[in-house]
Amino acid sequence: MDPIIETLAKEMNLSPRTIYRALRNEVSEARPSVARRAEAIRRRAGEIGYRTNGAARSIREGNFKQMMLVTARLEHTYAPTLSTYLPVLSELLLQRGCHLALEEFLIDRRTGRAIQPRKLFQERSEDGIFVVISSGHFPPEMELALAELGVPLVWLNHQPALPDACCVISDETRAINEMVDHLAELDHRRIAFLTVEHEHYSTRHRREELERAARRKGLELAVIRSNEAWFESSIRKTAEHFLEEYFPRYTAAVCFNREFMNVLRYAAGKRGISIPGELSVCHFISLLEHQTQREFPLSGVLLSEEAMAREALRRMDRLAAGKTPGPSPCPVEANFIVGESTART
């Protein structure tokens with residue numbers, strides 16, 4: 001028996017069955033006295049910490065009611081990975097009659113902490129929460145607060161420092177090695193990695209794998225991080241710093257995401273530097289970007305975001321059913337593709 005139901009039964013001198021039916025709204029509203037008693041039971045239950053198990057209810061009724069997609073981004077930036085995860089998860093959940101709510105945390109660039117409290121931490125019941133990391137950072141106190149909500153929780157592209165966290169991550173090891181092999185075959189001996197300052201799973205994974213692949217091929221790798229104290233100009237200044245201090249000794253650049261790549265291409269164009277004639281550029285490519293970018297196909301690591309979203313939902317189903325989600329983290333392999341942004345210098 002649920003300890004709270006047992007406590008309420010003793011405290012209110014009622015049978016556990018009466019408490020159980022009131023909490024499940026299985027009482028006759030036609031009888032005012034019964035309705036008032038049920039309301040008193042639910043009110044007292046809320047006061048001592050009882051929360052409806054939304055996941056169990058959804059499994060019992062065969063229909064998920066609402067899930068939440070939580071993301072975090074640095075202020076003055078956007079969250080590009082949402083452009084793939086959000087529509088895929090929304091469509092899959094809509095097919096089973098479930099709504100997907102979006103909750104976003106804005107992160108202070110200088111402190112790495114959330115700027116303001118969010119609706120998520122109010123008393124509300126969710127059937128499950130997906131967390132997508134796009135900013136390069138997620139505050140540890142937010143990780144703990146999410147876990148304490150006590151609902152099924154699946155992390156996308158992040159490995160929080162929490163016990164038994166269910167994570168689905170992008171495994172880019174093979175793709176990064178193929179990308180470095182490709183650049184080496186084009187006679188690039190020095191490569192720069194333009195990345196964000198705050199490290200989380202993706203930034204650390206990409207940096208470490210690039211360092212290993214560069215050592216394996218005997219190449220020189222420079223890691224150039226953006227300075228978040230520059231606010232919205234940080235990526236622009238990072239690109240300019242690379243062009244002023246590293247180019248033309250470094251003839252290839254790997255960009256953390258599309259935003260870095262676009263800014264670098266623009267800064268190089270203003271200086272009359274041709275891509276790929278004088279500078280080869282690769283980046284980590286979102287699925288939606290790959291599907292819509294036709295004019296100038298780019299070389300880089302294509303992320304398997306749709307496959308990650310589907311795997312995250314499979315694991316959410318298992319968690320909601322009270323089953324183990326499977327080994328964690330669960331890696332989903334990315335692929336390297338060759339476009340028109342790399343060439344022999």
Side-chain angles (χ1 to χ4, degrees), residues 73-74 76-84 133-136 157 170 172 175-176 178-180 182-183 186 188 190-200 202-203 205-207 209-210 213-214 221-228 230 232-248 250-305 334-343 345:
R73 65 178 175 87
L74 298 172
H76 307 303
T77 65
Y78 69 104
T81 54
L82 285 183
S83 61
T84 298
I133 309 302
S134 299
S135 67
N157 224 31
S170 175
E172 297 153 16
I176 288 174
E178 291 179 3
M179 177 171 61
V180 171
H182 170 70
L183 293 173
L186 297 176
H188 295 287
R190 294 186 177 91
I191 303 171
F193 178 39
L194 280 59
T195 185
V196 295
E197 178 179 7
H198 295 296
E199 281 207 333
H200 77 304
S202 283
T203 51
H205 175 56
R206 292 171 186 176
R207 175 183 55 77
E209 294 303 327
L210 279 167
L221 177 72
V223 178
I224 307 173
R225 295 181 174 87
S226 63
N227 185 339
E228 301 302 343
W230 293 333
E232 61 267 31
S233 65
S234 63
I235 293 178
R236 176 178 58 81
K237 289 191 175 182
T238 303
E240 291 173 348
H241 176 65
F242 164 73
L243 294 172
E244 291 171 359
E245 302 295 331
Y246 291 84
F247 180 81
Y250 286 74
T251 56
V254 176
C255 297
F256 176 72
N257 58 21
R258 181 178 62 183
E259 190 175 7
F260 274 90
M261 182 273 300
N262 284 340
V263 171
L264 179 60
R265 285 180 62 190
Y266 177 76
K270 287 184 64 177
R271 295 168 181 258
I273 300 171
S274 67
I275 297 175
E278 298 172 89
L279 175 66
S280 287
V281 179
C282 296
H283 76 294
F284 292 83
I285 306 169
S286 72
L287 178 62
L288 185 63
E289 175 191 353
H290 176 64
Q291 292 171 338
T292 57
Q293 181 73 31
R294 302 297 183 190
E295 182 180 346
F296 185 63
L298 302 165
S299 299
V301 174
L302 178 61
L303 307 179
S304 301
E305 294 157 326
N335 297 291
F336 174 65
I337 57 175
V338 178
E340 299 178 6
S341 60
T342 52
T345 55

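None of the values given here were measured: they were computed from a predicted structure. Note: hydrogens, waters and symmetry copies are ignored here, and every other heavy atom, side chains too, is used.
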Which heavy atom in [X] sits nearest to a heavy atom in [Y], and how many Å separate them?
X: Cys255; Y: Phe193; value: C-CE1, 4.3 Å
X: Ala334; Y: Leu302; value: CB-O, 3.4 Å
X: Ile224; Y: Ala192; value: CD1-CB, 4.1 Å

Could you label the plane-to-plane angle of the His182 and Phe336 rings as parallel, tilted or perpendicular, counting under 30° as parallel and over 60° as perpendicular?
-> tilted
[atom1] of [X] to [atom2] of [Y]: how many Å apart, nearest 0.5 Å?
X: His283; Y: Met179; atom1: NE2; atom2: CE; result: 10.5 Å
X: His205; Y: Ile176; atom1: NE2; atom2: CD1; result: 5.0 Å
X: Phe247; Y: Ile273; atom1: CZ; atom2: CD1; result: 4.0 Å
X: Ile191; Y: Leu183; atom1: CD1; atom2: CG; result: 4.5 Å
X: Leu194; Y: Ile235; atom1: CG; atom2: CD1; result: 9.5 Å
X: Ile285; Y: Leu303; atom1: CD1; atom2: CG; result: 8.0 Å

Just do the side chain to side chain contact (heavy atoms under 4.5 Å, CB included) check on Val301 and Cys282 with the steps written out, would you?
-> CA-CA 8 Å; Val301 174; Cys282 296; over 6 Å; no
Side chain to side chain contact (heavy atoms under 4.5 Å, CB included) between Thr195 and Phe260, worked out | CA-CA 8 Å; Thr195 185; Phe260 274 90; 5.5 Å; no
Over-ring placement of Arg206 relative to Phe284, 6.0 Å and 45° cut-offs = yes
Pair Glu244 + Arg271, salt bridge at N-O below 4.0 Å | yes
Hey, is the main chain of Leu279 close enough, under 3.5 Å, to the side chain of His188 for a donor-acceptor pair?
-> no
With no hydrogens and no angle check, is any side-chain donor or acceptor of Asn262 less than 3.5 Å from a backbone partner on Arg265?
-> no
Report the C-alpha distance between Val180 and Leu210 in whole Å, list the side-chain angles of each, state the deciding distance to 0.1 Å, and finish with yes or no for side chain to side chain contact (heavy atoms under 4.5 Å, CB included).
-> CA-CA 8 Å; Val180 171; Leu210 279 167; 3.9 Å; yes
Write out all pairs satisfying salt bridge (Lys or Arg N to Asp or Glu O under 4.0 Å) with one or both partners inside residues 274-283, taking only residues at least two apart or from two chains.
-> none
Under the side chain to side chain contact (heavy atoms under 4.5 Å, CB included) rule, what do Phe256 and Thr238 come out as? Steps first, then yes or no, please.
-> CA-CA 12 Å; Phe256 176 72; Thr238 303; over 6 Å; no
Does the ring centre of Tyr246 sit less than 6.0 Å away from the ring centre of His241?
-> yes
